[in-house]
Amino acid sequence: MAEKIRITLIDNSEREVLQGTTTTQIAASISTSLAKKALAGRFNGQMIDLSQPLLEDGRLEIITAENEAEALELVRHDYAHILAEAVQKLFPGTQITFGPVTDDGFYYDFAPKDRPFTEEDLPLIEAEMRKIIAQNNALVREVWERDKLISLWESQGEKFKAEWAKELPEGQELTIYRAGEWFDMCRGPHLPSTGKLDPKAFKLTRVSGAYWRGDQNNAMLSRIYGTGWLNAKQLKAHLERLEEAQKRDHRRLGQEMDLFHLQQEAQGSVFWHPNGYTIWLQLEAYLRRRMKNANYKEVKTPQLMDAALWEASGHWGKFRENMFVVPDEIPSTDPDKPVLSGKGNLMALKPMNCPAHIQIFKQGIRSYRELPLRMLEFGCCHRNEAHGALHGLMRVRQLTQDDAHIFCTAEQIVTETKDFVNLLDSIYRDLGFTSYAVKLSLRPELRAGDDELWDNAENGLRSALEQVGITDYEELPGEGAFYGPKLEFHLTDAIGRTWQCGTLQLDYVLPERLDASYVAEDGSRKRPVMLHRAIIGTFERFIGILIEHHAGRFPLWMAPVQAVVATIVSEADSFAESVVEKMKAAGLRVVSDLRNEKINYKIREHSLTKVPNILVVGKREAEEGKVAIRKLGSRDQIILSVDDAIALLLEEATPPDLK
């Protein structure tokens, strides 16, 4: 007779059941409705299938659609498997590889027998997936011996699956999931059956090429992407968000508004046009004022530094693959000789500013009376990102950070954290972001410093968060920087997407490695605590976020062109020019449009480039010394004198920190 085990439920109630009882049986013993809604279980912290037997005492949570994050991962995993099954039914001879879950859906990589898949194949595959869902086949977990499964894959011509299985340890039991006759190797868990999925809650979105295991030396596969949700309503909302995101794409708006461009000869580096650089300068001036008022001291440090400094800081060993390394020698111009001899000492373009800031801190003898010392740099850095990872302004190689380092004592950490969080909150609100989440990233596997240093650093940030009243933060194991844990600030934009921008990283390691110290009150030498902090992160990425958040309709103080004075008739040209000059003298960014075009054409054209104000002048306005102001997106207009129009626009164009 089976032994009994004790199961603790989410409400802390306990049940004594026979060993081998399943989550389905426990759900049914609670209520019939719960058994119908159950999707999976979480037993002792691990997700399991409803049918997996429970063999020991433990804590069980029954997962339903109300556990949205877990439920979405389950259904997306199932959609990926059903995609693979559908493809193999429609295209016999196709080999399967892997199909992971993504942030909003899933994908699966295939090795087609005859030709790569195309977008035209997707409707047919979707239809087959819906047939499979309608069959309501049970998803059955089976445990196989490693060698037996490898033999099966090889006999079926599934060389990719066989290759992967061969790399797993000998003697390891592997799991497959079977739906009718079709199966795939997978750790699981899965839903009880395909019929638990909503056939109207998924959509295949695109096809791309992908190398097997991400290696360009391997076979090229066909990757099919899809998005999957719990119900059709969620899918519809997601597709609407995607459509809105497409309209707001910073690359498209950047071209329409003549803000910037990128080109092959400078991959990952931005060519800022006058309009785009105006946005940059306004943002930089605003941040500089805010930092000055918060007692930050601005510095400027070299772009190119000897490898010896990066070796001392630890970046050379742990970050070198992302650095641009430069030999310290004069290139040869002799056509018969190599350009570089390879004998020069190595240098590197800085990927970050922190080691250079410590060099400034170390000049002279520092006293505890100087702490906290807040050192700011709008520092241009370079990171050797892979070409395939680059994405508009969001992922670049040349980047400029709103970077600062606070050198302080251990006793000042809480105060400095509180001041930083309050400053960040104020700046985000000024820039149009009212919602953000806080996450605490903990020690990664590859890190500098011993466990005691990391314990102190992580507990220091936890303590600081508690003391500034932030309790609803999320901890992210393994996500910290290699030199210390960090606070991450994830802001939410106008269409609900989140972006990690601000950081506060507590670091005991770098001051130790680079021998930074100060004279304490008792005359002894002590190491400062170093707080690495940024609010917007990088100018390039943050401007990309701003473009998409505002859909190109920047607040007036940041808009590259704040107004256009457009004429209806040529008789108003001289008056329009005088209005432009007067507005420029008042400090507004204004241009004229005197072209021989209809006024509706001019308005439509300037609306497409997101000019916030169009000032229309005709013969009557010129005679009366007035302008008709039409706001972007509005059909209404107001008639004002030139002086009143200037006063109105100046008030609206005042940066938030100067109001």
Side-chain angles (χ1 to χ4, degrees), residues 44-45 59 294 313-315 317-319 352-355 357-358 361 366 368 370-375 403-425 436-491 500-522 524-535 537:
N44 290 337
R59 187 174 185 84
S313 70
H315 292 88
K318 296 181 172 64
F319 201 77
M352 54 201 63
N353 303 298
C354 31
H357 288 189
I358 289 185
F361 181 88
R366 297 287 179 183
Y368 72 94
E370 298 176 72
L371 305 183
L373 174 59
R374 307 179 188 98
M375 198 179 295
D403 201 12
H405 295 92
I406 302 170
F407 298 91
C408 64
T409 67
E411 294 75 23
Q412 293 167 334
I413 291 173
V414 172
T415 301
E416 290 304 306
T417 299
K418 180 178 179 180
D419 288 347
F420 170 73
V421 172
N422 288 337
L423 180 63
L424 172 141
D425 180 82
Y436 59 87
V438 181
K439 302 185 181 185
L440 173 56
S441 297
L442 304 175
R443 68 193 75 184
E445 184 175 341
L446 184 65
R447 59 182 182 268
D450 58 27
D451 286 343
E452 184 179 357
L453 278 174
W454 278 86
D455 289 341
N456 290 337
E458 290 173 351
N459 290 332
L461 281 185
R462 286 191 186 99
S463 175
L465 283 176
E466 291 169 7
Q467 293 190 49
V468 297
I470 297 176
T471 57
D472 58 343
Y473 63 91
E474 178 185 356
E475 293 199 353
L476 304 175
E479 295 295 319
F482 84 89
Y483 51 77
K486 62 180 177 178
L487 295 179
E488 297 179 358
F489 297 85
H490 296 247
L491 55 81
Q500 193 263 304
C501 294
T503 60
L504 178 71
Q505 304 175 22
L506 196 157
D507 184 4
Y508 291 96
V509 173
L510 211 54
E512 180 75 32
R513 292 187 70 105
L514 296 181
D515 194 29
S517 65
Y518 66 93
V519 179
E521 190 171 5
D522 61 4
S524 64
R525 286 275 187 171
K526 290 189 176 181
R527 301 288 184 205
V529 179
M530 190 175 184
L531 304 180
H532 306 247
R533 52 111 293 185
I535 293 177

_Test: ring pair (Phe, Tyr, Trp, His ring centres under 6.0 Å). Region: residues 436-461. Which pairs qualify, not counting sequence neighbours?_
Y428-Y436
*Is the shortest heavy-atom distance from the side chain of L531 to the side chain of H405 under 4.5 Å?*
no
*asked:* I'd like to check V438 versus F489 (side-chain heavy atoms, cut-off strictly below 4.5 Å). Are they in contact?
replied: yes
_Within 6.0 Å of NZ in K526, more than 12 heavy atoms from elsewhere_ = no
*Mind checking the NZ-NZ spacing from K486 to K439? Nearest 0.5 Å is all I need.*
11.5 Å
*Could I get the full list of ring pair (Phe, Tyr, Trp, His ring centres under 6.0 Å) partners for F361, not counting sequence neighbours?*
F407
*Does any non-hydrogen side-chain atom of R366 lie less than 4.5 Å from one of P528?*
no
_Between E416 and R374, is there a side-chain heavy-atom distance shorter than 4.5 Å?_
yes
Using residues 465-481 as the side-chain source, report each donor-acceptor pair under 3.5 Å to any protein atom, sequence neighbours left out, with the distance given to one decimal.
from: Q467; atom 1: NE2; to: S463; atom 2: OG; distance (Å): 3.0
from: E475; atom 1: OE1; to: R462; atom 2: NH2; distance (Å): 3.4
from: E475; atom 1: OE2; to: R462; atom 2: NE; distance (Å): 2.7

*Could you tell me whether D515 and R527 make a salt bridge, using a distance below 4.0 angstrom between a side-chain N and a carboxylate O?*
yes
*Can you see which heavy atom on T409 is nearest to which on Y518, and at what distance?*
CG2-OH, 3.4 Å
*asked:* With a 3.5 Å distance limit and no angle check, can you tell me whether T417 reaches the backbone of I413 through a side-chain donor-acceptor pair?
replied: yes
